[in-house]
Each structure stands twice: as structure tokens, then as C-alpha cells.
Chemist: 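Shown below is the structure under consideration.
We use all heavy atoms of the structure for the numbers below, so side chains are in, but hydrogens, waters and symmetry mates are not. A, B, ... follow the sequence lines: proteins, then strands. Residue 1 opens every chain.
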Protein chains: 2
Amino acid sequence: MTTSRPGGHDQRPGERGDLLDPRCPTRQLLDRIGTKWMSMAVKVLAEEAPGELRFAELRRRIPGISQKMLSATLQSLVRDGLVARRVESTVPPAVHYRLTELGLSLEGPLSALRVWAETHMPEIGRNNQLADESTLDQGVRRVSW
Amino acid sequence: MTTSRPGGHDQRPGERGDLLDPRCPTRQLLDRIGTKWMSMAVKVLAEEAPGELRFAELRRRIPGISQKMLSATLQSLVRDGLVARRVESTVPPAVHYRLTELGLSLEGPLSALRVWAETHMPEIGRNNQLADESTLDQGVRRVSW
DNA sequence: GTGACAAGGTCACGTTAGGGAACTAGCCTG
DNA sequence: CAGGCTAGTTCCCTAACGTGACCTTGTCAC
């Protein structure tokens with residue numbers, strides 16, 4: 001995501017605006033972990049590390065995810081080398097997933113973010129409520145006669 | 001974002017799938033910092049902290065951002081209480097932005113993520129290249145006769 | 001032979017993020 | 001009075017994200 005430029009027309013190179021994508025590794029990382037299920041999958045796999053989890057078990061541990069999204073998420077993670085996929089050629093072929101070393105190294109910063117979220121998101125929620133209320137006041141004053 | 005459920009039909013509560021949005025502060029945080037300019041804005045403001053920056057100066061320091069997106073980004077940050085907005089009622093009214101204490105506290109985990117990105121994203125890039133090449137091979141074998 | 005399971009893939013769809021271009025307000029300069 | 005500055009806002013558009021529903025391939029149970 002955010003890898004192509006959806007804007008209306010083509011971009012002349014060297015014009016302005018092509019310096020943000022290639023240069024910023026943080027953007028690329030956030031494009032990955034910012035997708036809806038990525039961080040959840042990493043967390044679940046990290047809890048099991050260095051063990052493995054199968055597709056159906058992952059589905060069970062990530063409530064609300066569809067097969068399609070789990071599949072897509074895992075494909076991205078494998079493609080990035082954060083997760084290893086191991087196919088066991090048994091009776092019905094079983095597929096096992098585990099975090100690679102790279103994936104495990106991401107768990108550090110990611111769990112720091114989780115801790116921050118758990119401690120500070122309630123405050124952000126309150127701030128949003130306050131903002132909503134004040135704009136509501138203005139809305140009432142402006143809209144109804 | 002990711003706060004409404006766009007899926008085709010309504011959700012019976014207690015059925016399955018309503019436990020992911022309200023319960024997960026990490027999701028809410030990632031929905032915020034995952035947007036394209038959020039983390040960039042926080043970083044730029046953090047570099048200047050505890051000083052302030054004006055709208056035009058922020059634009060200059062965030063290459064490629066449009067007025068519209070900068071405006072929207074700052075509004076979200078202010079709404080969340082991560083950034084404080086101060087209007088100076090001078091000749092042309094000047095608006096100053098600075099990180100709040102809450103915003104500054106986010107810089108810690110966020111910069112940890114940036115460090116991780118800078119050290120490990122090249123490896124992820126290589127992994128993706130390898131994946132592209134192997135699927136390209138398969139594509140050639142499958143598609144052209 | 002009909003159904004179930006595993007691990008997905010594909011299709012059709014709606015929502016949303018993000019981009020561009022143009023417009024606004026009041027004041028200042030030429 | 002034409003034009004420019006600041007700090008935005010508004011409209012319109014597209015591409016990507018995410019969802020649900022259905023299809024697949026192969027083996028096992030009834």
C-alpha cells in the first residue's frame with residue numbers, strides 16, 4: 001500500500017513528490033504493520049514462538065479475521081521474511097507458520113507500541129470525546145435556528 | 001478508519017467478530033500512526049520540541065505533503081491531544097503547533113520503530129525481491145507457451 | 001456418492017485514504 | 001485594483017483495503 005501514486009495524472013520525475021516513498025523505511029514499515037491484521041498476527045505468533053501455528057489455529061486465535069485476510073496477511077509476512085511457512089506433506093497437507101528471527105526482532109518495538117497504546121489510548125479516547133462535544137455545541141448553535 | 005464495519009449486512013451482537021474494535025487499543029493506535037503523514041508529522045514536531053512550528057514551516061519540512069493532508073493530519077493530532085494548536089491573532093493570523101506531553105511520550109516507541117525500520121527494512125526489501133523473482137519464474141512457465 | 005475438512009483462491013462489492021485543483025478570509029504591497 | 005501572503009476548506013476522483021460468498025483439490029468418514 002501507498003506504493004503506487006493514485007493521483008489523477010502521471011508524475012514527471014524530478015518534479016516534486018518522488019522523494020517520500022523510496023527514502024523512508026519507516027513509511028514502508030508502517031504500511032506493513034498498519035494493515036488491519038498484521039500486528040495481531042505477529043503478536044499471536046510471537047506468543048507461541050519459537051513454536052509454530054497452523055492456519056486454522058491462527059484463525060481461532062485472531063477473532064474476526066476471514067480466511068482470505070488471514071491468507072493475505074500471512075502471504076505478506078512470508079514474503080517479507082518475517083514468517084516462515086512449512087508445508088507438511090501429510091494426509092491432508094498441513095501448513096505451519098512461525099516467526100523468523102527477523103519477525104521476532106520486530107516484536108520488541110511492536111510490544112513497546114502496544115504498551116503505550118494500552119496506557120495512553122484511554123486518554124486519547126477522552127480527548128476525542130471532548131473534541132466531539134465542543135464541535136457538537138458549535139453545530140447546534142450553527143445548524144438549528 | 002477501521003472503526004465502521006463496511007461488510008455487507010448487519011452484525012448480531014455476541015455472534016462473533018465484535019470483540020476486535022472496542023477491545024484493541026493497539027489497533028486504534030495503528031490506525032492513527034499508520035496513516036501516511038502522521039508519524040512524519042510527529043517526528044518533525046518532536047525534533048523541534050519543546051518549540052513550535054507554523055503551518056508553512058511544517059509543509060516545508062514534510063516534503064510532498066499537500067496543504068489538505070497537512071491540515072487533516074494536524075487536525076487529527078490536535079483532536080487526539082497529541083499536538084497543541086495556538087493561534088496568534090496578529091496581522092495575518094499565525095498558527096503554531098507543538099507536541100503535547102502525550103505526543104512526546106509517543107516519540108519513544110515511535111523512534112524505536114524507526115530504528116528497527118532503518119536497520120531491517122533493507123533486509124525485507126531483499127526478501128521481497130527474492131520472492132518476486134521466484135514467482136516471476138513460475139509466471140513465465142505458466143503463462144507463455 | 002455425498003458430505004466434511006484443510007488451506008486456501010477468486011469474484012463482486014462497498015468504504016475509505018489520499019491526491020489535485022480551486023476556492024475562501026482578511027490584510028498588505030505595487 | 002490586481003496580485004500575494006497565511007492557513008485553511010471544499011469538491012471530485014481513483015486506487016487500495018477489507019469483507020462476504022462461493023469455488024477448488026485431495027483425502028477421509030458414513
Side-chain angles (χ1 to χ4, degrees), chain A residues 1-12 15-18 20-21 27 30-38 40-41 52-60 62-76 78 85-97 135, chain B residues 1-12 15-18 20-21 27 30-38 40-41 52-60 62-76 78 85-97 135 138 142:
Chain A
M1 50 185 89
T2 325
T3 53
S4 69
R5 299 184 338 87
H9 57 82
D10 274 300
Q11 175 105 13
R12 271 94 74 225
E15 179 89 354
R16 189 228 63 185
D18 41 8
L20 45 104
D21 267 11
R27 252 281 29 87
L30 286 172
D31 280 347
R32 285 164 165 81
I33 65 173
T35 63
K36 193 165 187 185
W37 304 103
M38 218 49 108
M40 186 66 146
E52 299 174 318
L53 287 174
R54 299 185 51 186
F55 192 89
E57 182 57 26
L58 279 164
R59 263 199 87 181
R60 246 164 272 137
I62 305 177
I65 198 170
S66 63
Q67 321 90 302
K68 183 200 163 185
M69 286 316 293
L70 179 54
S71 170
T73 302
L74 288 170
Q75 278 176 24
S76 291
V78 169
R85 184 176 189 270
R86 182 172 67 83
V87 184
E88 209 173 327
S89 301
T90 49
V91 196
V95 185
H96 302 258
Y97 295 93
T135 55
Chain B
M1 52 192 90
T2 325
T3 54
S4 68
R5 299 185 337 88
H9 57 83
D10 274 300
Q11 177 104 13
R12 272 93 75 225
E15 177 90 356
R16 190 228 61 186
D18 40 8
L20 46 104
D21 266 11
R27 253 276 35 84
L30 286 172
D31 280 346
R32 286 166 165 79
I33 66 172
T35 64
K36 194 165 187 185
W37 304 105
M38 222 42 113
M40 186 66 149
E52 298 175 317
L53 287 174
R54 299 182 51 182
F55 192 88
E57 183 57 27
L58 279 164
R59 263 199 86 179
R60 244 165 274 137
I62 305 178
I65 197 170
S66 62
Q67 321 90 303
K68 179 200 163 183
M69 287 316 293
L70 179 54
S71 170
T73 303
L74 288 170
Q75 277 176 24
S76 291
V78 168
R85 184 177 188 268
R86 182 173 67 84
V87 183
E88 211 174 325
S89 302
T90 49
V91 196
V95 186
H96 302 259
Y97 294 93
T135 56
Q138 289 183 4
R142 256 207 313 259

Chemist: If you compare all heavy atoms of B/R32 against all heavy atoms of B/T35, which two are closest, and at what distance to 0.1 Å?
Modeler: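 In terms of heavy atoms, the two residues are closest at O-OG1, 2.9 Å.
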Chemist: For nucleotides 22-28 of chain C, give me one character per nucleotide, 5' to 3': B if any protein heavy atom sits under 4.0 Å from the base, S if the only such contacts are to the sugar-phosphate, - if neither.
Modeler: B----SS
Chemist: What's the CZ-C1' distance between A/R60 and C/dC5, to the nearest Å?
Modeler: 12 Å
Chemist: Can you tell me the distance, in whole Å, between the CE atom of B/M40 and the P atom of C/dG18?
Modeler: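 So the CE-P distance, B/M40 to C/dG18, works out to 14 Å.
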Chemist: For B/Q67 and B/F55, which heavy atoms make the closest approach, and how far apart are they?
Modeler: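 Heavy atoms only, the tightest pair is O-CZ, 3.7 Å.
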Chemist: Go through the N and O atoms of the side chain of A/K68 and the base of C/dG9, and report whether any donor-acceptor pair is under 3.5 Å.
Modeler: no
Chemist: Give me the atom names and distance for the closest heavy-atom approach of A/L30 to B/I33.
Modeler: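 Between these two residues, the closest heavy atoms are CD1-O, 3.7 Å.
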Chemist: If you compare every side-chain N and O of B/R32 against the phosphate oxygens of C/dA17 (OP1, OP2), does one of them come in below 4.0 Å?
Modeler: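 No, B/R32 has no side-chain N/O under 4.0 Å of OP1/OP2 on C/dA17.
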Chemist: Which whole-number value in Å describes the distance from A/I65 CD1 to D/dT19 P?
Modeler: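 Atom-to-atom, A/I65 to D/dT19, this comes out as 8 Å.
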Chemist: I want to verify a distance call: between D/dG18, C/dG18, D/dA7, whose nearest atom is closest to the B/K36 side chain?
Modeler: C/dG18
Chemist: Between C/dG19, D/dA7, C/dA7, which nucleotide gets closest to the side-chain atoms of B/A56?
Modeler: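 The nucleotide sitting nearest to the side chain is D/dA7.
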Chemist: Side chain to side chain contact (heavy atoms under 4.5 Å, CB included) between B/E52 and B/R86: does it pass, once the steps are laid out?
Modeler: CA-CA 9 Å; B/E52 298 175 317; B/R86 182 173 67 84; 2.6 Å; yes
Chemist: A/L70 has an atom CG; how far is it from atom P of C/dA6, in whole Å?
Modeler: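 It works out to 13 Å between those atoms.
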Chemist: Only one of A/M38, A/M40, A/K68 clears side-chain contact (heavy atoms from CB on, under 4.5 Å) with A/T73; which?
Modeler: A/M38
Chemist: Identify the two heavy atoms, one from A/A94 and one from A/H96, that lie closest to each other, and give their separation to 0.1 Å.
Modeler: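 Result for this residue pair: O-CD2, 3.8 Å.
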Chemist: Using atom OH of B/Y97 as one end and atom P of D/dA7 as the other, report the distance to the nearest whole Å.
Modeler: 8 Å
Chemist: Quantified as the angle between the terminal helix axes (five pairs each), what is the overall bend of the helix from C/dG1-D/dC30 to C/dT24-D/dA7 to 10 degrees?
Modeler: 20°
Chemist: Please report, rounded to the nearest Å, how far the C1' atom of D/dG18 is from the CG atom of B/L30.
Modeler: 16 Å
Chemist: Can you tell me if A/R54 touches the phosphate of C/dA7, counting only side-chain N or O atoms and a distance under 4.0 Å to OP1 or OP2?
Modeler: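 Answer is yes, contact under 4.0 Å.
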Chemist: What integer distance in Å separates A/M69:CE from D/dA21:P?
Modeler: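 In whole Å, D/dA21 P lies 16 Å from A/M69 CE.
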Chemist: Is there a side-chain polar atom (N or O) of B/T35 under 4.0 Å from OP1 or OP2 of C/dA17?
Modeler: no
Chemist: Using a 4.0 Å heavy-atom cut-off across all strands, classify A/A94 as base, sugar-phosphate, or nothing.
Modeler: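 Sugar-phosphate only.
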Chemist: May I ask you to evaluate whether A/S66 reaches the phosphate of D/dG18, defined as a side-chain N or O under 4.0 Å from OP1 or OP2?
Modeler: no
Chemist: Considering only D/dG18, C/dG8, C/dG19, which nucleotide approaches the side chain of A/V95 most closely?
Modeler: C/dG8
Chemist: What's the CH2-P distance between A/W37 and C/dG8, to the nearest Å?
Modeler: 17 Å
Chemist: Within the 4.0 Å heavy-atom criterion, would you say B/Q75 contacts the bases, only the backbone, or no part of the nucleic acid?
Modeler: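 If one applies the 4.0 Å heavy-atom cut-off, B/Q75 turns out to touch the sugar-phosphate alone, with no base involved.
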